[in-house]
Amino acid sequence: MDTRDATPPSRGVPDAATIDLTAIRARLANGTGRQYWRSLDELAETDDFKRFLEAEFPREASVFDTVGRRQFLKLMGASLALAGLNGCTKQPTEKVVPYVKQPELVVPGQPLFFATAAPLGGFGTGVLAESHMGRPTKIEGNPDHPASLGATDALLQASVLQLYDPDRAQVVRNIREIRPWNAFLDTAAAVMEKHRPTQGARVRFLTETVTSPTLRNQIESLLKQIPKARWHQYSPVGRDQVRAGAILAFGEPVDAVYHLDKADVIVSLDADVLGAGAGSLRYARDFAGRRRVLDEHGAMNRLYVVESSPSVTGSAADHRLPIRAVDAEAGARQLAAALGLDVGIPSEPSLPAEWVKAVAEDLQQHRGAGLVVAGDFQPPEVHALAHAINEALGNVGQTVAYVEPVAASVDQAQSLRELVADMEAGQVDVLVMLGGNPVYDAPADLRFAAALQKVGLRIRLGLYDDETSEVCHWHIPEAHYLESWGDLRAYDGTVTIVQPLIAPLYGGKTAHELLAAFTDKPERTAYEIVREYWKGRAGAVDFDLWWRKALHDGFVPDSAAPGKAVSVQSLAFAKKAPAAPKAGTLEVVFRPDPTVYDGRFANVGWLQELPKPITTLTWDNVAMLSPATAERLELSNEDVVEVRFDGRTVRAPVWIVPGHARDSVTVHLGYGRTRVGRIGNGAGFNAYALRTTGAPWAGLGAQLRKTGERYWLASTQNHFSLEGRDLVRSTTLDELTHHPHAAHEGGGHGGQDLSFYPAHEYKGYAWGMAIDLGSCIGCNACTIACQAENNIAVVGKDQVWRGREMHWIRVDRYYEGDLDTPLIHAQPLPCMQCENAPCEVVCPVNATNHSTEGLNQMVYNRCVGTKYCSNNCPYKVRRFNFYRYSNWDVEALKLVANPDVTVRSRGVMEKCTYCVQRINAARIQAEKEDREIRDGDVVTACQQVCPTEAIVFGNVNDPESRVAKLRANPRTYALLGAELNTRPRTTYLAGVRNPNPALAQKEGKA
Amino acid sequence: MPQIFHPSTNTVARVTILGALVLLAGAGWAITAISRSGYVTGAKVARRQPVPFSHKHHAGQLGIDCRYCHTAVERVATAGIPPTKTCINCHSQIWVDSPTLEPVRSSFKTDRSIEWIKVHDLPDFVYFNHSIHVNKGVGCATCHGRVDQMNLVWQEASLQMEWCLNCHRNPEQYVRPRDQVFNMEYEPPADQVALGQRLVHEYRIADKGQLSDCYTCHR
Amino acid sequence: MSAHPSSYGLLAEFHDPNELIVAIRRAREDGYTRLDAYTPFPIEEVSEALGLHHSRLPLLVLLGGITGACAGLALQYWTSAIDYPINVGGRPFFSVPAFIPIIFECTVLFAAFAAVIGMLGLNGLPMPYHPLFNAPRFALASRDRFFMCIEATDPKFDRDMTRRFLERLVPRSVTEVEP
Amino acid sequence: MSGPLPVQEPAPIIGPGHTFETITDKISAVVLTRKTPRGWFVGFGIGFALLMLFLLAVTNLVFRGIGIWGVNIPVGWGFDIINFVWWIGIGHAGTLISAILLLFRQEWRTSINRFAEAMTLFAVACAGMYPLLHLGRPWLGYWLFPYPNTMAMWPQFRSPLMWDVFAVSTYATVSLLFWFVGLIPDLATLRDRSTNRVRRVVYGLLSMGWRGSATHWHRYETAYLLLAGLSTPLVLSVHTIVSFDFSVGVIPGWHATIFPPYFVAGAIYAGFAMVLTLAIPLRKFYGLEDFITDRHLDYMGRVTLATGLIVAYGYMMEAFMAWYSGNTYEAYMMYNRFVGPYAPMYWALIVCNVLAPQALWFSKVRGSVPGLFIVAMFVNVGMWLERYVIIVVSLSRDFLPSSWGMYSGTIWDWSTFIGTIGLFLTLMFLFIRFLPMISIFEMRTLLPEAEVKEELA
């Protein structure tokens, strides 16, 4: 899109009166039965209308600014060429460029999959990367890897786009000059030359959390040569608290590995077990495995969550209680005490007594099958208490196991503090930074950037020439993990050898190679280094065989961290009652962003545009408040506030989140990047500016000041209430056992005989999808997996704001219950592939019609773009290319495209195809083998990625197929099926929750 | 009042009206003709290649099997353009210093690919898969013509949608026994339709409905 | 043909419809057959006086309409059910109700063309040149005058007799029209 | 339709003291002899300027894409289809006046049918733009026509858009024929009256040598009557089909069986309002009060009122059905119109289309030229708002609240809309300048002199 004449969005919205929450409460109170609603604007009916009228001029923003004139001419050419009658357009002559010597494996047109591991926060997740003729195009989970079991999350899905990111650093840079790699090698040699005599006393290395055995070994051996040099570690989203908690409880650092598949009752103390963290995929899978109720005899686990701001885990909970993050400790104490542990009770409890009582009883009744999880970002005390409770309930060894720390174990905050101290003291001549971005994300109180100036030689290895590199003498482009050799350990310690799928696109180097530069063998490649390290340790007779197997399987057999028998030393720390945290005063809570994480993904368009779970905001971070607090401070959505904490301030737009804890404001880290690339620069505000070593995750005493400014936010959903429409159906285990067909009431099937016309018969395959709302936790992985698989374009904040986002599968969210503690429902919505599709009938050119297998076919090259189909789609799942959204100008971005899916052009409609490219591939394979397509041969992208296996796809004509069985399940219902007789092929299974009877009737739901 | 027009005007008027109609019809016909002509489709136009490789010589006279070079044709979507290595296999022995083969040799030496001109070029929104056609008994010659008689290869068929549909709608008129697929000389028997119907059944070729689904070729 | 090739006919000018009608009747009683009237607007009585009976136009229009209907139906049936049957939203290939509007439109279109082309054709239009335009006062036929022309091809036509006959009708003028 | 009701002393439909020649001369003078008034140049200039704006908007549209408009998901149609329906609606009055009133032998139609038909043609021309422009890939618009092609593809005849293609093109063609046939005798008049050689040749060719022969008149009358007979069902079918664009859809607010009649009435309503809007200044400007008399205005006022009441009934039924159906979605749709974010639009529509025309009950208002003009203006706006409400408001909130969205036109939406008004004005002014805006030969028939004496008849 040409954007240069775009008028800036009018921020000057007529100050929409602050949302009248009292009124809302009233409405909800009077409401009868189950009331769903979506968001506050909706309830308060503050109308966006004014805003829209305000914006009288069109606003266009695009992701990559394209050359207007060139595009103009190009389009002109196109339109002229096409202006003739069809076929009168001649194709340009193209070239075929075969290999000179064709690699054995490679057959052009046939994708290959390689097992490797993707790093996040230092930990690895086993993945299979799909490669088309040497181009990685898609990441899938590795079914054999314990941390993945075939699933992946949004961040991993998007990592492949980051590989091609044209804004990645592409050259070795010294000050302002571009230098060859060798020049750096010389520098490195010189450094060693200079500092060996002093044993490197003035040399420092700074890394993020390191789990890579090889890297660890390299650093250690390097430190042997220069013993006085120091190795510091810091990652903004570290696990200091977890570590400290373990030390507090057991006197030594250990990692806890949970077994949710064994847990009947799970209590989460502000822990987003299912949504974030190294093990979350596995945990989500295990968790969902215990909730899939397919008949009235089904049993399921129960999840209690106390947390400050609603998380994926919280939204999946049976009972969720919003409390300030700082109050979690009090809660933990209450629970511990209720379970008979000898701990001091806080003067003012943070959890209602009956709630604690019920939970405690529940845990008691499930000794050995219960689990209390403390959030990674909770202070050590909470962790220690959780450990104590689990031990007391005999859960250790059952639902939780303790293992040797997987990562190199240090107190990172302390480590960084020391480094900064040394730097300020001028004791550091050389600082080598491997990854990370401390200038941007180090705690504000350390003033890292200032201290850094005192260092003589600053060397940085990084994916981007970013804020940190800017102030470094040397910047070395880092190789993306898909370009690297290396090794990583998973949450449970399992090792995966990381193998590259493509030679570094931008001449990137791995940390291994950078460190090698400081050794006497500077030329060694990462491959040599890693392989050599393992040669020593594999202890295999035939190392090559071992190596090949390890690479092929994607993990090193029984490399999981060894278990560790530990027991709680004493609860001394918890004996005396704690000073009750000043209630009433506002706390600020820092959390990694669900899409851009700690900021490292800020330049990945897919993630920026991925609606964040719960808020469905894109392209920005916000200050999240509870309705009550907003009410008190007279704030409403999009008000810009000044958040003051500990003497520092940032300006942030407000977003009111039902179910958020009172007196608490949550800000996500990772935004406000200034030097990352065209996508990430300037998006959101930088919350690190508030974050100190004293309060890394939460702190009391924050203040909000309304500035009177407004800032427009692009959320994909923020509209009005369901008005009692039964679109999302959910039931309780109890209800289900008594009358299993509850979900049907209000019509589900039927209707088809009401048709005016005889129905078409589908004799062969009949593709269908079943989505289990009981399993879906709303993590959004499906949305981005679909984006990656189907070449879906990124459109930019402004276009999202206009309602032009392109996602083929979206995750709708609805709230149920009251404002402060609502239940949150997630509903993934792909194309329903209706058999009586309203969209098809209205297409004048047959661009969308029905296949003999019941697919609602959308043919881009036939589409003329009337948009009638979208208007007539009751589910509004169709997406239109209002501009030329697909990027045809940036070479690198062409490489990420899936060659089996057409890249859509301007002016055509598109939508979910049930991944027809995968269906066709399976069919062709089956036909060549002269057999039927088996159940499971076709796996759609959304199904494949789903951590909880909520999506099942297959042939509904085959009664044995999983999907057919699910469609027969009493929980199944067709969205709008009864109202419109669309006969959707995508059906839902009503959600099921398992509330504790003791609490249920109190909350007056179910 | 004096006449405005000359008597001939009457005739002129009528002729003009008729002429206009004729012209319109003519234009319509011309467009239809042009849009199917080789000028637009590129059919029957031999393409100059960096190396004047003769299929007539290799496939025809020497009788080299298609699959010797187009190795992937039975396995994947693309038949596969042979890597330079394939040429060198023989041409390291014979015609080792023929000047016409210089590009081949230099490609092999410099490890830089030969850039062939694409002869059969489908639009990017069409997904054609060689392997399935070959496996269902569609002969090479059926679409590519007698390549074994072409010096420089040209595109035999129009490759327009109506042409594809023609076979997808009536496969029985074109399929041949699997063992004849790569046989360039194969002549369809007199009872092609009977044979075709048998093969369609035998090879479980999908019904016309499925074959003419949009998603069969477009995604 | 005519015994008097040097003339197209004799043109009598009247200044109101009634005179014209009287004239026509008299002329026909007198046995003139090849005569026509020229008026600035349609006058039913004049047609009657001239004894013009029903034209074939309505029949043409009917045929046009029928052709249109058939064409519309055939087009839709053949394309949607025979040539490329496609399952659209679960509707049958030949979904009659959905085809009615277009059939109707085609009917009207063809019928309308039949009406206009038929009318012009039967009237022998376009005919920019016509001998009558030679008559100097004929221009008034499109304004406020009413003309009757007895053509030379009339078997009973005789320059002098006919002129005398016309003058007996006290017209505004009698002029001879050159061929 | 409203025939001459028993009003005391109906004003004449043609001013006193006119003869064949005065009528002929007065009307043809506008084209032939009278000096083109300055006002004409001003008006034409404005129209032409707006037309240029239209071209600018369209160029931008073609090169950058319909993203420049406010449309989005869920609101896939905005100004484009609103304007389409609005213009088509306006067109209807012309055909109604010239065809239906002809069949009903409403003589008063004579003095307004010519430019009413012209208005129809130009309105349809404006309307016809939008189905093409609203396409994502307008250069492929010809795919909507059935012609043998190398893709072996055909249009999808179940789609109301296809019906539109046929309905609108047929409507345009037939209206053109009807208009032209009506013009032939007058062209002949102009041919015979003009002194300037070029004009005589041009008008001469256009009139195809019409010489007013009784035989010709005989067939001519038949043909004209038949065309009227054909146009009548046609004009009804066109807006019926346009209404199908919506009623065939499943969207609450669209899927209503009452649409066809209610749209047709609305069309005539809008059309008469526009005829008034044009006629009132015209008669003033060219001093044609003798031909377009107060009686005409009075009658048009009545038709407007009548159709207005039908439209009001339509609105009522919509609301009633929403309530009576007991369907959540329908009910919400109505609720949303009443109090939703677009409520101002809806109430404005009620004021313009339901309340304003009630003034026409009073003969005082029908009698006063400014009064009529104001009401007509209200209706013009109201009918545009009606389409806005039907299209945008319904789409903005359909079945799943998750996908609800808002819509508002951008500067380019407005440019395109105003641009088509420019096109309309340009054509209208050219018509007034070069063709007789009142049917001369039919006016003649209205004179007493045209009556044939009893004893002769």
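Chain A is the first sequence line, chain B the second, and so forth, proteins listed ahead of strands; every chain is numbered from 1.
- With a 4.5 angstrom heavy-atom cutoff, A/Cys869 does not touch chain D via any of its atoms.
- Ranked by heavy-atom pairs under 4.5 Å with chain D, the list A/Asn872, A/Val908, A/Leu975, A/Asn849 is led by A/Asn872.
- Contacts between D/Asp245 and chain A at a heavy-atom distance below 4.5 Å involve backbone atoms as well as side-chain atoms.
- The distance from atom CG of D/Asn72 to atom CZ of A/Phe880, rounded to the nearest 0.5 Å, is 12.0 Å.
- Here D/Val58 pairs with D/Phe54, D/Val62, D/Leu133 under the side chain to side chain contact (heavy atoms under 4.5 Å, CB included) rule; sequence neighbours left out.
- Pairing each heavy atom of D/Val71 with each of A/Arg804, the nearest pair is O-NH2, 2.7 Å.
- In this structure, the side chain of A/Asp812 does not engage the main chain of D/Ser402 through any donor-acceptor pair within 3.5 Å.
- When side chains are defined from C-beta on, D/Phe399 counts as touching A/Leu980, because their heavy atoms get closer than 4.5 Å.
- A cation-pi arrangement, defined by a distance under 6.0 Å to the six-membered ring centre and an angle within 45 degrees of its axis, is present between A/Arg725 and D/Tyr332.
- When every heavy atom of D/Gln156 is checked against every heavy atom of A/Val842, the shortest pair comes out as NE2-N, 4.3 Å.
- From D/His134, atom NE2 reaches atom OH of A/Tyr868 across 9.5 Å, with rounding to the nearest 0.5 Å.
- If you tally non-hydrogen atom pairs under 4.5 Å between each of A/Leu829, A/Val864, A/Val845 and chain D, the highest count goes to A/Val864.
- With a threshold of 4.5 angstrom between heavy atoms, A/Pro874 approaches chain D through its backbone and through its side chain.
- Residues of residues 161-172 of chain D lying within less than 4.5 angstrom of chain A, judged on heavy atoms, are D/Leu161, D/Met162 in numerical order.
- Rounded to the nearest 0.5 Å, atoms OG (D/Ser408) and CZ (A/Arg802) are 7.5 Å apart.
- The side chain to side chain contact (heavy atoms under 4.5 Å, CB included) check on D/Trp323 picks up D/Phe320, with sequence neighbours excluded.
- Contact of the D/Ile251 side chain with the A/Asn871 side chain is not registered, since no non-hydrogen atoms from C-beta on lie closer than 4.5 Å.
- Of the two parts of D/Phe244, only the backbone, made up of N, CA, C and O, holds a non-hydrogen atom closer than 4.5 Å to a non-hydrogen atom of chain A.
- In terms of heavy-atom proximity, D/Arg137 sits nearest to A/Asn861 at NH2-O, 3.3 Å.
- Proximity to chain D is limited to the side chain of A/Ser870, based on heavy atoms less than 4.5 angstrom apart.
- Ranked by heavy-atom pairs shorter than 4.5 Å toward chain A, the options D/Pro252, D/Ser396, D/Ser159, D/Pro74 are led by D/Ser159.
- Interface remark: A/Arg862 contributes backbone and side-chain atoms alike to the contact with chain D (heavy atom separation under 4.5 Å).
- Ranked by heavy-atom pairs shorter than 4.5 Å toward chain D, the options A/Pro844, A/Pro838, A/Cys839, A/Gly803 are led by A/Pro844.
- When all heavy atoms of D/Pro401 and A/Tyr814 are compared, the pair lying nearest together is CD-OH, 4.3 Å.
- For A/Glu840, the part lying under 4.5 angstrom from a heavy atom of chain D is the backbone only.
- Nearest heavy atoms, A/Cys873 versus D/Asp398: O-OD2, 3.7 Å.
- When D/Ile73, D/Leu395, D/Val75, D/Val250 are compared by the number of non-hydrogen pairs under 4.5 Å with chain A, D/Ile73 comes out ahead.
- Applying the side chain to side chain contact (heavy atoms under 4.5 Å, CB included) criterion to D/Ala331, with sequence neighbours excluded, gives no partner residue.
- With a threshold of 4.5 angstrom between heavy atoms, D/Tyr329 approaches chain A through its backbone and through its side chain.
- Contact count against chain D (heavy-atom pairs under 4.5 Å) is highest for A/Lys876 among A/Arg810, A/Lys876, A/Arg879, A/Glu805.
- Aromatic rings from A/Phe882 and D/Trp69 are positioned such that their centres are separated by 6.0 Å or more.
- The closest donor-acceptor contact from the side chain of A/Arg906 to the backbone of D/Phe63 lies under 3.5 Å.
- Residues D/Met153 and A/Asn846 meet the side-chain proximity criterion, which asks for heavy atoms closer than 4.5 Å.
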Practice problem: Starting from the C-alpha separation in whole Å, work towards a yes-or-no answer on side-chain contact (heavy atoms from CB on, under 4.5 Å) for A/Lys867 and D/Ile66. | Solution: CA-CA 11 Å; A/Lys867 301 176 272 7; D/Ile66 57 171; 3.1 Å; yes

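- Closest approach of D/Pro160 and A/Val841 over heavy atoms only: CD-O, 4.4 Å.
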